[in-house]
Amino acid sequence: MHRAGSPGDPTRIAFAIGRKVGNAVTRNRLRRRLREILRSHALPVGDYLIGVRPEASQMSFVQLQQHVGSLVSLVRSGAGRS
């Protein structure tokens with residue numbers, strides 16, 4: 001989910017990672033990996049909520065990068081607005 005912000009506002013990102021994804025160690029590792037991947041993307045200003053499915057915990061770093069890259073492309077094209 002993405003909500004556009006005003007110029008000058010910070011870009012804020014939150015993750016929704018439920019217990020079905022794994023234990024606390026798994027969820028925190030996934031959160032750190034996603035944060036690192038998102039650092040390399042210049043997201044439009046706004047607020048983001050990224051939901052994570054259990055399958056994400058089985059993905060390699062490269063696979064996560066590909067999925068996040070496609071999500072960022074959707075947001076930039078305007079398809080990810082809600």
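For the numbers below, each heavy atom of this structure counts, side chains included, while hydrogens, waters and symmetry mates do not. Throughout, residue positions are numbered sequentially from 1 according to the sequence presented. Keep in mind that this is a model prediction, so the values were computed, not measured.
The CD atom of Glu55 sits 11.0 Å away from the NZ atom of Lys20 when rounded to the nearest 0.5 Å. Taken from OG1 in Thr26 to CD1 in Ile17, the straight-line distance is 10.5 Å, to the nearest 0.5 Å. Going from atom OG1 of Thr11 over to atom CG of Leu43 covers 6.5 Å, rounded to the nearest 0.5 Å. Distance check: Leu71 CG to Arg76 CZ gives 11.5 Å after rounding to the nearest 0.5 Å. In this structure, Ile13 CD1 and Leu38 CG are separated by 4.5 Å, a value rounded to the nearest 0.5 Å. Atoms CZ and CZ, on Phe15 and Arg35 in that order, are 6.5 Å from each other to the nearest 0.5 Å.
Of the charged side-chain nitrogens involved, none lies within less than 4.0 Å of a carboxylate oxygen, so that Arg33 and Glu36 do not count as a salt-bridged pair.
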For this session: Carefully, step by step, assess Leu30 and Leu64 under the rule side-chain contact (heavy atoms from CB on, under 4.5 Å).
Result: CA-CA 9 Å; Leu30 189 53; Leu64 280 174; 3.7 Å; yes
For this session: With side-chain contact (heavy atoms from CB on, under 4.5 Å) as the test, would you mind laying out the steps for Val62 and Gln66 before giving the verdict?
Result: CA-CA 6 Å; Val62 173; Gln66 292 169 346; 4.0 Å; yes
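Here the closest non-hydrogen pair linking Ser57 and Val21 is OG-O, 3.5 Å.
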